[in-house]
A.B. asks: 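Below are the structure tokens for one structure; questions will follow.
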Amino acid sequence: MPELKLFNTLSRTKEIFKPINDPNVKMYTCGPTVYNYAHIGNLRSYIFPDILKKLLTYIGYDVRQIINFTDVGHLINDADIGDDKIEKAAAEKGQTAWELSKYYAEAFKRDITALNISFPSKFTYATEYIQQQIDMIRTLEQKGFTYLTSDGVYFDTQKFPDYGKMAKLDIEGLDEGLRVDFKDKKNKTDFALWKLSPNDQKRQMEWDSPWGKGFPGWHIECSAMIFSELGSHIDIHTGGTDHIQVHHTNEIAQSECSAEGKFVNYWVHGAFLVLDKDKRMGKSEGNFIGLQNLIEEGFYPLAYRYLTLTSHYRSFLSFSPDILKSAQTSYFNLKKLIRSASEKNDDLNNEKAIIYAKKIIDSLLDDMNVPKAIGIMWDLVQDNEVGGKNKIDIIANYDQILSLNLLDFSDFPELQIEIPQEIVDLANQRWDIRQKKDFQESDRLRKVIQSKGFDIKDSKDKFDIVPII
RNA sequence: GGCGGCAUAGCCAAGUGGUAAGGCAUGGCUCUGCAAAAGCUUGAUCCCCAGUUCAAAUCUGGGUGCCGCCUCCA
């Protein structure tokens with residue numbers, strides 16, 4: 001099997017990937033909290049695991065991937081309120097928390113489908129693993145890693161010597177007090193495993209537990225779902241870089257204390273999408289752009305996928321409508337070149353094609369250097385010494401991993417817009433006039449057509465009508 | 001305050017020791033009655049300073065600027 005190198009956050013270096021149980025690969029992708037639509041920055045974090053999964057599959061591994069939905073329990077900012085984002089958003093929309101989270105989970109599935117992100121082996125919902133979470137907390141309790149406070153069960157991070165190792169945390173230096181409900185905790189890094197419902201408030205989402213009615217803490221769900229679906233030791237865990245310090249650090253702590261031994265072999269973290277002014281896009285930042293917003297503006301979801309693939313998954317990706325516009329142009333230009341290669345369909349079967357193919361897979365195997373692979377694809381499709389058939393074979397092969405629909409020519413923007421009869425009539429009229437060499441009048445008619453959103457391309461004995469995009 | 005990251009042409013972006021991929025935009029040319037499309041073509045000493053080296057965008061040190069995490073966020 002070809003050698004894949006992955007940048008592992010644990011060592012901060014690229015390591016050669018070795019599965020625990022070859023050829024099986026267990027992979028967990030930290031999913032969304034479903035109290036709103038995913039924005040395009042969130043969605044970026046599901047594209048690179050999709051590439052990773054497809055790459056692993058391509059080189060011969062059997063991948064089992066889980067993506068979770070956090071459909072309960074994330075607090076807004078103050079534990080004393082006892083309110084969480086899902087319940088709050090539901091109240092605002094006049095829905096139940098259950099309806100709301102279901103709705104956004106479905107919206108997420110729709111978005112990733114549009115982006116050609118294939119579904120995991122299984123989607124898991126945190127609320128369907130309450131018992132497993134309680135069981136894990138009990139295990140931790142029995143082993144002495146927890147303590148009770150007035151509002152729940154907490155994990156005592158001091159009992160886990162390796163706490164914060166991956167994040168290289170300097171616990172002394174953490175800004176103490178910034179973390180919620182610090183007042184009741186023994187250490188500032190301690191975190192809630194089970195939160196008790198406030199006495200004076202009835203939550204929509206709450207469950208009985210050995211410690212009283214309440215709901216799971218912020219991190220336990222991932223560990224419980226992983227243990228339940230993949231086991232206590234997995235190969236790959238993906239997520240955004242913002243989770244390194246808290247969420248994943250806590251996952252490691254509770255998991256490795258619950259079961260003995262290593263929890264995750266390879267932690268793979270993706271960088272943020274940033275806006276023009278280098279600002280992070282965030283659900284709380286008020287600069288939210290969803291995939292549907294882009295579609296409404298006339299962008300193609302796969303143009304967005306293409307954009308994300310032109311930048312390395314560990315680098316910031318700059319985003320603006322102009323940047324996406326240029327990516328979309330580039331994307332369709334690439335497809336046009338591929339289309340003309342497919343029309344040629346000559347088989348030169350030369351060494352060069354083989355070299356291109358090798359360069360592409362080598363780039364992908366080097367910590368998923370997708371942007372480099374795409375650059376090589378550009379060189380390939382523009383190389384006149386390589387036959388059309390050879391090009392198509394290579395593109396078809398690697399599009400299994402990139403999933404850009406590079407061989408589907410039915411989605412060109414000019415083919416998507418129906419030409420109104422009025423425009424067709426005008427164009428025919430113009431053509432007749434032009435045949436009579438009345439260029440002044442034919443140019444006038446072209447301007448009329450242009451003002452209605454279409455353009456005319458003349459050639460020797462025919463013309464084409466194309467929408468202006 | 002602590003920890004981490006980034007700085008490559010107008011814009012996006014590869015490259016991590018051997019003399020700057022690729023894309024978008026722009027200018028020029030060809031084609032065209034004109035245009036569009038298409039094809040060809042044009043461009044950077046890699047934030048600054050110092051050092052190591054035969055050789056640095058790439059390594060080291062020091063600056064400057066920007067960003068992220070430490071509070072739910074990918």
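To find a chain, count down the sequence lines: A is the first, B the second, and so on, and within it residues start at 1.
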A.B. asks: Tell me: CZ of A/F316 to C1' of B/C6, nearest whole Å?
C.D. replies: 6 Å
A.B. asks: On a whole-Å scale, what distance lies between the C1' atoms belonging to B/U58 and B/C67?
C.D. replies: 22 Å
A.B. asks: So which one's nearest nucleotide on RNA chain B is more toward 5', A/G239 or A/D366?
C.D. replies: A/D366
A.B. asks: Rounding to an integer number of angstrom, what distance separates B/C6 and B/C12 when you compare their C1' atoms?
C.D. replies: 15 Å
A.B. asks: Picking from B/C70, B/A74, B/A14, which would you name as closest to the side chain of A/Q245?
C.D. replies: B/C70
A.B. asks: Taking a pair as Watson-Crick or G-U wobble with both distances under 3.5 Å, which nucleotide is matched to B/A13?
C.D. replies: none
A.B. asks: Which protein N or O atoms sit under 3.5 Å from an N or O of nucleotides 21-23 of chain B?
C.D. replies:
residue, atom, partner, partner atom, Å
B/G23, OP1, A/Q382, NE2, 3.2
B/G23, O2', A/S330, OG, 2.3

A.B. asks: Could you tell me which nucleotide pairs with B/U60 by Watson-Crick or G-U wobble geometry, both distances under 3.5 Å, or answer none if nothing does?
C.D. replies: B/A50
A.B. asks: Does a side-chain N or O of A/T70 approach OP1 or OP2 of B/C73 to a distance below 4.0 Å, or not?
C.D. replies: no
A.B. asks: B/G68 and B/G51: how far apart are their P atoms, nearest whole angstrom?
C.D. replies: 35 Å
A.B. asks: If you measure from the Lys or Arg side-chain nitrogens to the Asp or Glu carboxylate oxygens, is any gap between A/K372 and A/D362 under 4.0 Å?
C.D. replies: no
A.B. asks: Using the ring of A/Y125 (Phe, Tyr or Trp, six-membered ring only), decide whether A/K102 places NZ or CZ under 6.0 Å from its centre and within 45 degrees of its axis.
C.D. replies: yes
A.B. asks: What is the distance from CZ of A/R444 to P of B/C34, rounded to the nearest Å?
C.D. replies: 21 Å
A.B. asks: Can you figure out which of B/G33, B/A37, B/G68 approaches the side chain of A/F272 most closely?
C.D. replies: B/G68
A.B. asks: According to a strict under-4.0 Å criterion, is A/H39 in side-chain N/O contact with OP1 or OP2 of B/A74?
C.D. replies: no
A.B. asks: Picking from B/G33, B/A74, B/C12, which would you name as closest to the side chain of A/T33?
C.D. replies: B/A74
A.B. asks: From the set B/C34, B/A74, B/G15, return the single nucleotide nearest to any side-chain atom of A/M281.
C.D. replies: B/A74
A.B. asks: Please name all residues satisfying salt bridge (charged side-chain N to carboxylate O under 4.0 Å, His left out) with A/D411, sequence neighbours left out, ordered by chain then number.
C.D. replies: A/K335
A.B. asks: A/W378: what forms a ring-ring contact (aromatic ring centres under 6.0 Å, His included) with it, not counting sequence neighbours?
C.D. replies: none
A.B. asks: If the condition is side chain to side chain donor-acceptor pair (under 3.5 Å), which residues does A/S255 pass it with, not counting sequence neighbours?
C.D. replies: A/S223
A.B. asks: Can you list the steps and then say if A/K462 with A/D464 is a salt bridge (Lys or Arg N to Asp or Glu O under 4.0 Å)?
C.D. replies: CA-CA 7 Å; A/K462 69 176 186 70; A/D464 291 311; 3.1 Å; yes
A.B. asks: Choosing from B/A37, B/G2, B/G39, which nucleotide comes nearest the side chain of A/L337?
C.D. replies: B/G39
A.B. asks: Could you check how far CG of A/L324 sits from P of B/C11, rounded to whole Å?
C.D. replies: 18 Å
A.B. asks: Could you please name the option among B/A13, B/A74, B/C12 that lies closest to any side-chain atom of A/S311?
C.D. replies: B/A13
A.B. asks: Does the B/A36 base have a donor-acceptor partner in the side chain of A/R446 within less than 3.5 Å?
C.D. replies: no
A.B. asks: Expressed in whole Å, how much space separates the C1' atoms belonging to B/C31 and B/C24?
C.D. replies: 24 Å
A.B. asks: Given that A/G41 and A/R12 both sit by RNA chain B, which one's nearest nucleotide is further toward the 5' end?
C.D. replies: A/R12
A.B. asks: Consider the side chain of A/H243, meaning its heavy atoms from C-beta on, and name the nucleotide among B/G68, B/G33, B/C73 that approaches it most closely.
C.D. replies: B/C73
A.B. asks: How long is the line joining NZ of A/K168 and C1' of B/C70, in whole Å?
C.D. replies: 17 Å
A.B. asks: Can you list every salt bridge (charged side-chain N to carboxylate O under 4.0 Å, His left out) pair that touches residues 235-254 of chain A, not counting sequence neighbours?
C.D. replies: A/D242-A/R280
A.B. asks: A/I117 CD1 to B/A74 P: how many Å, rounded?
C.D. replies: 14 Å
A.B. asks: For atom P, what is the distance between B/U26 and B/A7, given to the nearest Å?
C.D. replies: 27 Å
A.B. asks: Using the C1' atom as the point on both nucleotides, what is the distance between B/A9 and B/A25, in whole Å?
C.D. replies: 12 Å
A.B. asks: Between C1' on B/C73 and CZ on A/F69, what's the gap in Å once rounded to a whole number?
C.D. replies: 16 Å
A.B. asks: Considering every strand and a 4.0 Å limit on heavy-atom distances, what is the contact class for A/S315: base, sugar-phosphate, or nothing?
C.D. replies: sugar-phosphate
A.B. asks: Taking the C1' atom in each of B/C3 and B/C59, what is the distance between them to the nearest angstrom?
C.D. replies: 24 Å
A.B. asks: Return the nucleotide paired to B/G65: Watson-Crick means purine N1 to pyrimidine N3 with N6-O4 or O6-N4, wobble means G-U with N1-O2 and O6-N3, both under 3.5 Å.
C.D. replies: B/C6
A.B. asks: With both distances kept under 3.5 Å, what pairs with B/A25, Watson-Crick or G-U wobble?
C.D. replies: none
A.B. asks: Anything under 30° is parallel, anything over 60° is perpendicular, the rest tilted; go ahead and classify A/F191 against A/F155.
C.D. replies: parallel
A.B. asks: Mind checking if A/I456 touches a base, just sugar-phosphate, or nothing, with heavy atoms under 4.0 Å?
C.D. replies: base
A.B. asks: Applying ring-ring contact (aromatic ring centres under 6.0 Å, His included), name anything that partners A/Y331, two or more places apart in sequence or on another chain.
C.D. replies: A/Y306
A.B. asks: With a 4.0 Å cut-off, would you call A/E422 and A/K452 a salt bridge?
C.D. replies: yes
A.B. asks: For B/A13 and B/C70, measure between their C1' atoms and round to the nearest Å.
C.D. replies: 31 Å
A.B. asks: Across the strands shown, which category fits A/N369 at heavy-atom distances under 4.0 angstrom: base, sugar-phosphate, nothing?
C.D. replies: sugar-phosphate
A.B. asks: Under 4.0 Å between any heavy atoms, over every strand shown, what does A/H269 touch: base, sugar-phosphate, or nothing? Just pick one.
C.D. replies: nothing
A.B. asks: Considering only NZ, NE, NH1 and NH2 on the basic side and carboxylate oxygens on the acidic side, decide whether A/K391 and A/D383 come within less than 4.0 Å.
C.D. replies: no
A.B. asks: Which of the following nucleotides, B/A13, B/C34, B/A74, is nearest to the side chain of A/S318?
C.D. replies: B/A13
A.B. asks: Rounded to the nearest Å, what distance is computed from the CG atom of residue A/L317 to the C1' atom of nucleotide B/G68?
C.D. replies: 15 Å
A.B. asks: What I want to check is whether an N or O donor and acceptor connect the side chain of A/R314 with the base of B/G5 at under 3.5 Å.
C.D. replies: no
A.B. asks: In this structure, how many angstroms lie between the C1' atom of B/A37 and the CD1 atom of A/I465, rounded?
C.D. replies: 15 Å
